Amino acid sequence: YESAKQLSAATITPPVALALGPERGWSGADRVTLRTHGFDFTHLGSRVLRTETACIAALTLIRARLGLL
């Protein structure tokens with residue numbers, strides 16, 4: 001994976017748009033497109049999660065960082 005920054009330590013300011021990649025990871029073209037649209041790459045940890053699990057984990061971390069839990 002490309003990013004060394006964990007989502008749990010990222011600076012998050014609203015509004016937030018979340019893009020979750022497939023279990024096999026983003027393609028090079030996907031990463032270029034995301035960067036073009038201002039996305040900041042982070043990760044959820046060293047283990048590969050199923051997409052539906054990653055979504056719940058990421059939303060929970062974002063809500064916690066924003067003080068919404």
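Positions are given from 1 along the sequence. This structure is a prediction, so every number in the text was calculated from the model and none was measured. Note: hydrogens, waters and symmetry copies are ignored here, and every other heavy atom, side chains too, is used.
A 4.5 Å side-chain heavy-atom check between K5 and H43 finds every atom pair outside the cut-off. No side-chain heavy atom of L68 sits less than 4.5 Å from a side-chain heavy atom of I62.
In this structure, P22 and T51 approach most closely via the heavy-atom pair CA-OG1, 4.2 Å. The minimum heavy-atom distance between L61 and S8, with the atom names listed, is CD2-CB, 3.9 Å. When all heavy atoms are compared, the tightest approach of I12 to L7 is CD1-CD1, 4.1 Å.
T53 is linked by a side-chain hydrogen bond (donor to acceptor under 3.5 Å, both in side chains) to nothing, counting only residues two or more places apart in sequence or in another chain. Residues satisfying the side-chain contact (heavy atoms from CB on, under 4.5 Å) criterion with A54, sequence neighbours excluded, are L20, L44, L49.
A distance of 8.5 Å separates CD in Q6 from OG in S46, rounded to the nearest 0.5 Å.
Placement of V32 and F41 in two distinct hydrophobic clusters is found when ILVMFWY residues are connected by side-chain heavy-atom separations under 4.5 Å, directly or transitively. Under the 4.5 Å side-chain contact rule for hydrophobic residues, L18 and I56 do not share a cluster.
For residues 56-69, there are no salt bridge (charged side-chain N to carboxylate O under 4.0 Å, His left out) pairs, not counting sequence neighbours.
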